[in-house]
Protein chains: 4
Amino acid sequence: MTPPNTGRRSEASRRAVLTAALDLLQEVEYAKISIEGLASRAGVGKQTIYRWWPSKGAVIFDAFLMLSEGAEGGPVQLPDTGDLAADLTEVLRATVTELNEPRYEQPMRALATEIAHDPELAAIYAERLDGPLREAKRQRLRRAQRAGQLAEDLDLDVAVDLIWGPLFQRWLHRSGPLTTEYADRLVATALDGLRPRR
Amino acid sequence: MTPPNTGRRSEASRRAVLTAALDLLQEVEYAKISIEGLASRAGVGKQTIYRWWPSKGAVIFDAFLMLSEGAEGGPVQLPDTGDLAADLTEVLRATVTELNEPRYEQPMRALATEIAHDPELAAIYAERLDGPLREAKRQRLRRAQRAGQLAEDLDLDVAVDLIWGPLFQRWLHRSGPLTTEYADRLVATALDGLRPRR
Amino acid sequence: MTPPNTGRRSEASRRAVLTAALDLLQEVEYAKISIEGLASRAGVGKQTIYRWWPSKGAVIFDAFLMLSEGAEGGPVQLPDTGDLAADLTEVLRATVTELNEPRYEQPMRALATEIAHDPELAAIYAERLDGPLREAKRQRLRRAQRAGQLAEDLDLDVAVDLIWGPLFQRWLHRSGPLTTEYADRLVATALDGLRPRR
Amino acid sequence: MTPPNTGRRSEASRRAVLTAALDLLQEVEYAKISIEGLASRAGVGKQTIYRWWPSKGAVIFDAFLMLSEGAEGGPVQLPDTGDLAADLTEVLRATVTELNEPRYEQPMRALATEIAHDPELAAIYAERLDGPLREAKRQRLRRAQRAGQLAEDLDLDVAVDLIWGPLFQRWLHRSGPLTTEYADRLVATALDGLRPRR
DNA sequence: TTGTAATCGAGACGGTACGTCTCGTCTTTTC
DNA sequence: GAAAAGACGAGACGTACCGTCTCGATTACAA
């Protein structure tokens, strides 16, 4: 993200910009955020933003990165009580709650949009933000698979998509209410499949 | 979308604007389309656009509407050969092909973004564009359910999400390559579920 | 100065800009006047200025033009009591007083500078502002010449330069104090010449 | 001009800046010269300029000073053949030629402007650049006066203004073509005065 | 001979203003 | 009375410089 950086970048300014970005995202729609406003909110010259970030999206993205890297203590881990269905249901319910939180909604939609339109950003997102999380999901499933709780020939990537894809899709497109019941049903249906089990 | 229309609206101008919108979407990124440019491309006064549409998104949306309503002859219908897995695979493969077509990509991402940020538009989308399609999907599954090919207590809405959600999610977030193999595996996994079948 | 003007220019905005220009010139140095500040002072969009004037200098110039054309009732005329020396002395003394007035100084230096650097502006200045005044000077001298008070073969243009040139030069370059005594001596010396008169 | 200079200033940098200033004046309009560009052209840090000169005008001025002090070998002297009219005509013709030279025009207009707007610079100009020249002019006239060729009570300062003032005025304001004929007529008219000589 | 202190090139910083672009509104003219 | 044309006030865009600042790296005195 950040250019070569010959060694003299002001860390204070960097943090001020990223913090201001997160603050603004809480207040106004992503599209209405201007570099001008961002700079003035951060108490920073516009040039300082243009010097270090190629686009508004990149700033917002870096802000998310800072947030996530600050929050996370070590590698992410999904709960593992041995009961896969229960664990997944818990995680999805938490996700539902989070997605319904107003203060996260705007920033996350902004991020989703930015990723949808900028392949380069999408790649960084996949590596830095989604990557570790996805790996954690895959590992939880792998443990279940080894315990014989999942099909032996299961493609774990497809499995992850099958569980979380519908959730994000419904949230992003508002194709229906995002409730904990939906999360429950989603987990159950994904685990058992659409076909009847004798 | 279109206001009451008391009777004096110029159909020629309306079509010119919508056609120009579709043309521009092929050429440039959605975000770079301006009302100004749209009006001049359509050979129309700016006021004519502001008079009849509340936002840029609404224009683009109306353009999609015109496109889809023009294309469609009667109600949409999913293939039904009796072999559900084969039929779903065929449809998903077709969707994969379409999503990978460059000339559809920009407009569809634009639409997705617009829906993600504008709940009102999302509602109209759900009703006018996605609605009929979703109904067709549900009906195909219902027939399979009645034929005993799907679980009796299956929530068809969740089922639709389970099949198409991962696909759109992967496309929009570019979280992985969108291939026909992926479509195949998705259908199979959704039908059988993650758990092992004895 | 003003472009073709297809017929829809706002007279109110035009006057607001020119008035603001004159106001600002009283307050701050010409070089510190910005288009941005001018527009905001005039309560006008920047584009309105850029649309109708090619440069800051052109605006200031137009402002002077408005001023002079507003002030002047009919053609300018120099006093003619029959006593050329007395008349010229009176006029030059008045000029000295005016040039020493703080509220005229800044604008006039600004105008002089602008003319010095922009030949196009200089031409308009020569025609619209300086022209009528210079003609009045020439005419006063011509009457004196006809009355036998000036040399028959005198080049009136050179004569005008000889009387007013030193004054403006001394003012602009601050090469010495600009007093009424200087004006008196200048007139006398110009009329009699440097050579001794027997 | 130059600050106290405690003894450690780099002569190389000083010359580089002044030379760059003169070079740039040949290429672009004075107003378009920036400290930033000047520093980079001179291969010098901006701070080195800000450390040693108070303003852009001061740099340009110092550059002129360097130029003039380099050129001049000893005190300036006007020609003295005994024929005052001929001598003055020769000098004024030379001045006309010089003022018409494109490579001198920009820098000299820049200098004139700077002097017009900055009284402090005007004082230094009067002392360092114009002073010696003006003294030379006065001395030539004084010799003529002693020889009885000029009026006994003539104010030599006014006389100098009368001869050179119109010329610079006409050049700076472009109020008419600057030709050798004009120079000739100017000298003749100044010497004889406007009034008829019996 | 070695500090040590000021100067140097470089360039980031918070800012102001540039000249351009588009917004959404308003006004004029044409059909 | 809707339409095309386009001027208007507003304000963001990305760039250029402003004048200040900090950073090693020379560099030339004083110890």
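Remember, it's a predicted structure, so these values are computed and weren't measured experimentally.
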Student: Nearest 0.5 angstrom please: D/L22 CG to D/L67 CG, how far?
Tutor: 5.5 Å
Student: Given side chains that start at C-beta, do those of A/W53 and A/V17 come closer than 4.5 Å, heavy atoms only?
Tutor: yes
Student: Starting from P on E/dA12, measure out to CH2 on A/W53 and report it in whole angstrom.
Tutor: 14 Å
Student: Using a strict cut-off of less than 4.0 Å between a Lys/Arg side-chain nitrogen and an Asp/Glu carboxylate oxygen, indicate whether B/R174 and B/E105 qualify as a salt bridge.
Tutor: yes
Student: Whole Å only: how far is the CZ atom of C/R51 from the C1' atom of E/dC21?
Tutor: 12 Å
Student: What is the distance, to the nearest angstrom, from the CZ atom on A/R9 to the C1' atom on F/dC21?
Tutor: 18 Å
Student: Reading DNA chain F from 5' onward, which residue's closest nucleotide shows up sooner: C/S13 or B/A42?
Tutor: B/A42
Student: Under a 4.5 Å cut-off applied to non-hydrogen side-chain atoms, are A/D118 and A/F61 in contact?
Tutor: no
Student: Please state how far atom NZ in C/K32 lies from atom P in F/dC18, giving the value in whole angstrom units.
Tutor: 13 Å
Student: Rounded off to whole Å, could you give me the CD1-to-C1' distance for the D/I49 and F/dC17 pair?
Tutor: 12 Å
Student: In this structure, how many angstroms lie between the C1' atom of F/dG24 and the CZ atom of A/R8, rounded?
Tutor: 7 Å
Student: Can you measure D/L38 atom CG to F/dA16 atom C1' for me and round it to whole angstrom units?
Tutor: 15 Å
Student: Between the protein and nucleotides 18-20 of chain E, which nitrogen or oxygen pairs are less than 3.5 angstrom apart?
Tutor:
from   : atom 1 : to    : atom 2 : distance (Å)
E/dC18 : OP1    : C/I35 : N      : 2.8
E/dC18 : OP2    : C/I35 : N      : 3.2
E/dC18 : OP2    : C/E36 : N      : 2.7
E/dG19 : OP2    : C/Y50 : OH     : 2.7
E/dG19 : N7     : C/K46 : NZ     : 2.9
E/dG19 : O6     : C/K46 : NZ     : 2.7

Student: A/W52 ring centre to A/R8 NZ or CZ under 6.0 Å, with the angle to the axis within 45°?
Tutor: no
Student: Please, which pairs that meet side chain to side chain donor-acceptor pair (under 3.5 Å) have at least one residue in residues 18-27 of chain B, sequence neighbours excluded?
Tutor: B/E27-B/R41
Student: Would you check if there is a donor-acceptor pair between the side chains of A/E114 and A/Y30 at a distance under 3.5 Å?
Tutor: yes
Student: Would you say a side-chain N or O of C/W52 is under 4.0 Å from OP1 or OP2 of F/dC8?
Tutor: yes
Student: Without decimals, in angstroms, what is the distance between A/L24 CG and F/dA12 P?
Tutor: 12 Å
Student: Nearest-nucleotide wise, let me know which of D/A39 and A/A39 is further upstream toward the 5' end of DNA chain E.
Tutor: D/A39
Student: In terms of side-chain heavy atoms of A/T48, which of F/dA7, E/dC8, E/dG14 is nearest?
Tutor: E/dG14
